[in-house]
Protein chains: 2
Amino acid sequence: MVTVVDVAQRAGVSPTTVSRVLLSPDIVSPGTRSRVLEAVEALGYQPNPMAQGLRMGRGRSVALLVGDIEQSVYSALTKHIQAALEAIGLELLLFNLGHRQDRLRGLLERAAALRLRGICIASSDVIPIRELKPTIQGLVAGGIPVISIGQRLERAGIPSVAHDDTAGVSRAVDYLLESKRGPVAYLGRIKTSAAGRARFQGYRQALQRAGIAVDESLVWESQNRYRYEAGYAEMSEALERGVRVRSVMAASDELALGAMAAALDRDLRVPDDIAIIGFGGVSWGAHVRPALSTIAGNPEALGEHVRGLFQAIEDGRDIPLRSSVELKLVLRQSS
Amino acid sequence: MVTVVDVAQRAGVSPTTVSRVLLSPDIVSPGTRSRVLEAVEALGYQPNPMAQGLRMGRGRSVALLVGDIEQSVYSALTKHIQAALEAIGLELLLFNLGHRQDRLRGLLERAAALRLRGICIASSDVIPIRELKPTIQGLVAGGIPVISIGQRLERAGIPSVAHDDTAGVSRAVDYLLESKRGPVAYLGRIKTSAAGRARFQGYRQALQRAGIAVDESLVWESQNRYRYEAGYAEMSEALERGVRVRSVMAASDELALGAMAAALDRDLRVPDDIAIIGFGGVSWGAHVRPALSTIAGNPEALGEHVRGLFQAIEDGRDIPLRSSVELKLVLRQSS
DNA sequence: ACGATTTCAGTTATCGTTACCATTCAAGCA
DNA sequence: TGCTTGAATGGTAACGATAACTGAAATCGT
């Protein structure tokens, strides 16, 4: 492998100068600079990141701790974060949490030794933040920024970038209300997570604006996470009970699909008998029949924000504790 | 941060001994060893990976070059590969190719400088292998193994682990034939990729075993990759033409879903009028109505194989140029 | 035209670890 | 006993890069 010394020899300068040309070109005279650059080019020199990392006290990789890469929300996010980091010359070290808290803890403890450039936590699972806070503060104090994506952790002092769930759901419920189909039900977990609360809050806000009181029999609080079966079960149950409902705002696309399947299995027509809007904007939503209307996330914008944050960090600027990204309402066949 | 020197002082030995305890414990006397271990424990020492990497000439990270992490095949694979690598103390550096050849090339060229432990290419896209071969050979010669996952590149000398597509499709077509519904169509790209050829080969083998000649009007060669719209278009067209067909073997789940939608849109019943089996085993296949029968991949087994390969590499053993993983036929409602 | 300041490049030390060689000491053997 | 052999450990020099310091030349102001 070709090293700084090789380049230096070829350019007739010292290794330091080579380093300078690469890191802060403006403090080197134009003549020397171009000679060095030429040598770099000719020899195909690429700095050894481990030597750099050792010397500078930190590497070029950012760890992404993701809830479950297999879920499309996370894989989409991962894709854009990777692109965003690559755009500013950083690498993505991927760790799949698989929804296990102990792994998060362990990873966070290893992080300092890894000399990471930063840590992104992208998980919608409940994070034992109280317990983790000292570890995280230690990391931040040691120069390793920790940010949360998709889950608001700003109250714990962790810069967070997330979608504005309340506004998104609110807009979708507005739409369902405007179509004047009758009662709108809400399907999703509410109390178990901040995101759940935020989404439900959007539902309440929309009803409130329309001057409608929340009917408890139309709030179906699914217990079994955000999965398909729960949606199917809740919808089936409501239909069994004979609840009068013309549209459903589901807090996830899986739930929505489950609810839709339950309705279809009972020979109800979607959207004629029941309109359904999901949340998440997963790609398969467009391919099921009827195609699922949904409140889609904007992973690209999320990625851009992350890029902005890291760029700010690199430049030594302060970063905001809270940033929001707008969701968008994607209307397809189901509503 | 605590270093070897700190540990050495506390244990009353030299840094060399500490290093030895950690890397080859058996050449240190039990007494010293336990004293060192105790000091490591007490101080919470964690080796600096960059210093190690610099000294030893390579790091602990493996790059995964993935076609498109957003596709569930790849995200599932990524998940298991990450777990497999972590199990042997390696880290996963993720790069999303986004189906762009130039990126693959660029990444491969940067790889040597990154001092990677290895490179996994997981892409079903056409790889300009002839052009890339010298670069890859350079990497291998430089001690960085390159392996392919999901695409057979063994003819180019690249160790590959992939599903046995031919056997999988063959088994599924056997099943469709056995149900005696009549003509079985094949839907998918054939000539454009080795995987396409392998899958089609499975179709041919099954027909051949059953003593049936391949009917060209039942072979629908979709041009537009493996996507939904292509499936929809091909199926529609065949139906328009009045082709007599009772079941469809689709080379991807997206194609299958497209074909299914086309059939459904023409008021045909699935599986009663037309049975459909897809390929890929994506998770949403279970959630669409009717639930999609499919030939499912086995990403976990793939991950295990990769772990085996890297373990072998670490141990200095030779690795096989070709390994296969069995697909499994998942029968749901559509067949 | 002379000292003060700036610009530019080189020298040296260091980041934390491990490989190589040297050293010590005990055991084995004739 | 004296010599070889081996096990166990320590000293030191790298790995490849950069930061702090140093020195020389160039620029500046008056």
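To find a chain, count down the sequence lines: A is the first, B the second, and so on, and within it residues start at 1. Treat the numbers as computed from the prediction; the structure is a model and nothing was measured.
Remark: the B/R35 side chain and the B/S29 side chain contain no N/O donor-acceptor pair separated by less than 3.5 Å.
Remark: A/D318 CG is loosely packed, at most 12 non-hydrogen atoms of other residues, nucleotides or ligands lying under 6.0 Å away.
Salt bridge status for A/R60 with A/E91: absent, with no side-chain N to carboxylate O gap under 4.0 Å.
Pairs passing the salt bridge (charged side-chain N to carboxylate O under 4.0 Å, His left out) check and including a residue from residues 131-150 of chain B, sequence neighbours excluded, read B/R105-B/E131. Applying the salt bridge (charged side-chain N to carboxylate O under 4.0 Å, His left out) rule to pairs touching residues 2-31 of chain B yields nothing, sequence neighbours excluded.
Near-neighbour residues of DNA chain C inside residues 5-14 of chain B, defined by a heavy atom below 4.0 Å, are absent. Less than 4.0 Å separates DNA chain C from at least one heavy atom of each of the following residues of residues 16-34 of chain B: B/T16, B/S19, B/L23.
Considering only residues two or more places apart in sequence or on other chains, B/R110 meets the side chain to side chain donor-acceptor pair (under 3.5 Å) condition with none of them.
With D/dC15, D/dT18, C/dT17 as the choices, the nucleotide that has an atom nearest any side-chain atom of B/L54 turns out to be D/dC15.
The interatomic distance linking A/N48 (CG) with C/dC15 (P) rounds to 18 Å, in whole Å. Distance OH (B/Y45) to P (C/dG16): 10 Å, rounded to an integer number of Å. Separating the CG atom of A/L114 from the C1' atom of C/dT17 is a distance of 16 Å, rounded to the nearest angstrom. Separating the CZ atom of A/R115 from the C1' atom of C/dC15 is a distance of 9 Å, rounded to the nearest angstrom.
Not a single donor-acceptor pair, N or O on each side, falls under 3.5 Å between the base of C/dT17 and the side chain of B/R55.
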Could you pull out all donor-acceptor pairs under 3.5 Å where a side-chain atom in residues 63-72 of chain B meets a protein atom, sequence neighbours excluded?
residue: B/D68; atom: OD1; partner: B/E70; partner atom: N; Å: 3.0
residue: B/E70; atom: OE1; partner: A/K79; partner atom: NZ; Å: 2.9
residue: B/Q71; atom: OE1; partner: B/H99; partner atom: NE2; Å: 2.9

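Considering every non-hydrogen atom in both B/A11 and B/V36, the closest pair reads CB-CA, 3.9 Å.
Between A/Q52 and D/dT18, a side-chain N or O to OP1/OP2 separation shorter than 4.0 Å is present.
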